Every structure is written in C-alpha cells, then in structure tokens.
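For clarity, every value in this text was computed on a predicted model and none was experimentally measured. All residue numbers refer to positions in the sequence shown, counting from 1.
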Amino acid sequence: MTTPHSSAAAPHYHLQATPQAVASAAAEHVVAAAREAIDSKGSFLLVLAGGSTPKALHQQLVSQHAGAVDWAKVHFFFGDERCVPHTHESSNKRMAFETLLTPLRIPPVHIYPISTHLSPQAAADDYEATMKISFSSLQSPCFDMVLLGMGADGHTLSLFPGQSEVNEAKRLCIPAIAPAPFAIPERITLTLPAVLSAKHRLLLVTGNDKKATLQAALTPGSTLPIALARPTSIITDIAPAS
Ligand code: 6PG
C-alpha cells in the first residue's frame, strides 16, 4: 500500500457559522470530489464516518444533491464499526443505510459493510481483503475520500489516544478497543496507513465542547489520533485559535 497522498501539508480550514452550514459545505465537498473522480476514472471510493455528526451531511446529500452525482458509480466503505449486529442502534452500517444509502437507492453491490457477525479479527481480515480486492477491481490505488469525525478526546474512527491501534503501520484494518466510557468497546477500524493513502481526508467537527481538542490537534507535533490522520480539509463551526 503506497501512501501517495499522505502529505504533511496544513489542512484547509473552512469555518462555518452553524452545524447545518457545516453539513451543507461538507456535502458540496463530497459532491465535488465525487464528480472529479467519476469524470477521471469512472468511480468514487468513499469511506463513511460513524457517530452522529455525519447524519446532517447525509441529509444534505439526500435532499440537495440526489441528482448532482451519478451515485451508482460511488462505492461506500466504512471507516469503522462497532461489533454489534447491524440492527443495533449503535451500528454505523444501520445509521448509514437509514440516513443515506437507502434514500439514495445505492446498489447493494456498491456498499461494503464490515462483517460484524464474524469475530473481530476475522472481520478485520475480511475487510482488509475486501479493500484490496476493491482497489484492484475498480483500478483505484486507494480511497478517494475518507470522512472523519473527532471525539472530544481526539479519537477518530476507532483509533483512541493511548491505545496501541494508533501505532499500526502495516495493516489496513484491525480490531480495536474503545476505552471506557465509550459504550461499545469492541470495534473494527481502518488504520492510519489506510487513511493516509486516501486522496482526500475530510474532517467534520462541530460543537464548542471539541474546541480545545481541535486546537490541540492542530498544534504541530500533536499525537492525537485525529492529528495523525492528517485531515486535508476541516469543515467546522469552531473558530481557529487566534
Ligand atoms: C464512530 C466514529 C467516531 C466518531 C467520533 C465523533 O464510529 O463513532 O468513527 O470516530 O467520528 O466519535 O462522533 P460524533 O460525530 O457523534 O461526535
């Protein structure tokens, strides 16, 4: 796995007035990247984020951009998953289907969920194989865009501060443990090598409760997982540090 896009350039910082404006701006970023990729290579490989922030983005894509992209050429992957059934309220797959994939009528063959019915290690191995097969069959060396969220502790995906998974340097997908007080400890997550190889890494973060963490992550030398993921763009309602 090459890391063609793991430049250490500073991220583009897009300050928006409200969380809804963040979602609207993010939808425009996704649509622009999708159209560029589809025009150039006939596909767009998008990694979805979990949690709650992406829901407003998904709502924008469905309500404002359903006709703006040839969605049948978009391939949907997951940045991480909780080891729960896909019917569980904490399932990232369930959230993605309810808010985005079903409303956009995405062909199931272009949706690549993480197989949480397997053991964590088997699910991670299976997903890494799925990624590699997809890159080859779609003639795309990497993901075109990875959507990232950030917890108030600076975690992203299921890469948590102080946990060993952040240090994985070879595997593309591994089991992970979310420390207390996170509800579902057993996770599957993409690793930094998988994320850093992507062309675009778009961080969406809202809420003043995350202000100090975002500013810490943007401090040179930060080892917070979200800093190590090197977002190429940040869309947020948090004003940058003066
Ligand atoms: C997850 C995400 C996780 C999320 C952050 C922010 O599966 O929960 O991968 O990294 O992006 O926890 O979550 P919110 O958007 O809910 O604040």
Side-chain angles (χ1 to χ4, degrees), residues 1 6 45-55 57-58 76-97 99-100 111-131 142-143 145-198 201-207 209-210 213-214 216-217 222-231 234:
M1 164 66 67
S6 61
L45 281 64
L46 175 64
V47 179
L48 299 176
S52 58
T53 302
K55 294 177 183 176
L57 162 62
H58 295 174
F76 293 86
F77 299 81
F78 292 80
D80 70 330
E81 186 57 281
R82 295 80 179 273
C83 293
V84 293
H86 291 319
T87 52
H88 193 284
E89 65 178 1
S90 292
S91 166
N92 287 338
K93 176 187 175 184
R94 173 177 166 180
M95 184 273 283
F97 267 91
T99 61
L100 183 69
I111 302 168
Y112 308 80
I114 296 172
S115 302
T116 56
H117 63 281
L118 301 173
S119 71
Q121 187 60 60
D125 295 347
D126 174 73
Y127 208 62
E128 177 152 338
T130 297
M131 290 162 61
C142 58
F143 294 122
M145 177 176 274
V146 177
L147 295 173
L148 297 168
M150 187 193 82
D153 63 344
H155 83 262
T156 192
L157 304 163
S158 284
L159 301 174
F160 292 86
Q163 302 286 100
S164 62
E165 294 87 3
V166 177
N167 304 319
E168 174 58 47
K170 288 189 170 38
R171 291 294 305 267
L172 303 182
C173 185
I174 59 174
I177 297 296
F182 293 97
I184 314 287
E186 286 199 313
R187 309 282 184 97
I188 309 296
T189 188
L190 294 192
T191 61
L192 287 177
V195 170
L196 291 171
S197 69
R201 294 179 294 281
L202 177 56
L203 169 60
L204 307 185
V205 55
T206 64
D209 61 314
K210 298 181 180 179
T213 304
L214 181 59
S222 171
T223 58
L224 289 172
I226 188 57
L228 299 176
R230 294 193 205 138
I234 300 172

- request: Measure across A198 and C142 and return the closest heavy-atom pair with its distance rounded to 0.1 Å.
  value: CA-SG, 4.4 Å
- prompt: Does any non-hydrogen side-chain atom of P120 lie less than 4.5 Å from one of I188?
  reply: yes
Interatomic spacing from OG1 in T206 to CG in L214 - rounded to 0.5 Å: 11.0 Å
- line: Nearest heavy-atom approach of S158 to A176 is O-CB, 3.5 Å
message: When you measure from the side chain of R94 to the backbone of T87, do you find a donor-acceptor pair of N or O atoms at a distance under 3.5 Å?
response: yes
task: Any chance you could measure T191, atom OG1, to L228, atom CG, to the nearest 0.5 Å?
output: 12.0 Å
message: I'd like to check the side-chain contact (heavy atoms from CB on, under 4.5 Å) partners of A49; sequence neighbours left out, ordered by chain and number.
response: P54, L147
task: Check for a donor-acceptor pair, side chain of Y112 on one end and backbone N or O of Y127 on the other, with a separation under 3.5 Å.
output: no
field: Test item: R82 and S91 side chains (from C-beta on) under 4.5 Å apart, heavy atoms
entry: no
Set of residues satisfying side-chain contact (heavy atoms from CB on, under 4.5 Å) with respect to A216, sequence neighbours excluded: L224
message: To the nearest 0.5 Å, what is the distance between CG on N92 and CG on D80?
response: 5.0 Å
statement: Heavy atoms of L118 and A123 approach each other most closely as CB-N, 3.8 Å
Where R201 and L148 come nearest, the two heavy atoms and their spacing: CB-CD1, 4.2 Å
message: For a ring pair (Phe, Tyr, Trp, His ring centres under 6.0 Å) check, start with the C-alpha distance between F182 and H155, then their side-chain angles and the critical distance, and finish with the verdict.
response: CA-CA 11 Å; F182 293 97; H155 83 262; 5.0 Å; yes
field: Point-to-point distance, once rounded to the nearest 0.5 Å, from OG1 of T53 to NZ of K55
entry: 9.5 Å
- prompt: Looking only at atom types and distance, does a side-chain atom of T116 sit under 3.5 Å from a main-chain N or O of V84, one as donor and one as acceptor?
  reply: yes
- line: Minimal heavy-atom distance between M131 and L190, with the atoms involved, is SD-CD2, 3.6 Å
field: Note, H58 side chain near L48 side chain (heavy atom, < 4.5 Å)
entry: yes
- request: Work out which heavy atom in A227 is nearest to a heavy atom in A217; give both atom names and the distance.
  value: CB-O, 3.4 Å
- request: Report yes if the side chains of H88 and I184 come closer than 4.5 Å at any heavy-atom pair, otherwise no.
  value: yes
Can you give me every donor-acceptor pair (side chain of residues 159-168, partner residue at least two apart or in another chain, under 3.5 Å) with its distance?
{"unit_1": "Q163", "atom_1": "NE2", "unit_2": "I177", "atom_2": "O", "d": "2.9"}
{"unit_1": "E165", "atom_1": "OE2", "unit_2": "I177", "atom_2": "N", "d": "3.3"}
{"unit_1": "E168", "atom_1": "OE2", "unit_2": "K170", "atom_2": "N", "d": "2.9"}
{"unit_1": "E168", "atom_1": "OE2", "unit_2": "R171", "atom_2": "N", "d": "2.7"}

query: Side-chain contact, heavy-atom cut-off 4.5 Å: V205 with I226?
result: no
query: Quick one: CG on L57 to CG on L100, what's the gap to the nearest 0.5 Å?
result: 7.5 Å
query: Is there a side-chain contact between I111 and F78 (heavy atoms, below 4.5 Å)?
result: yes
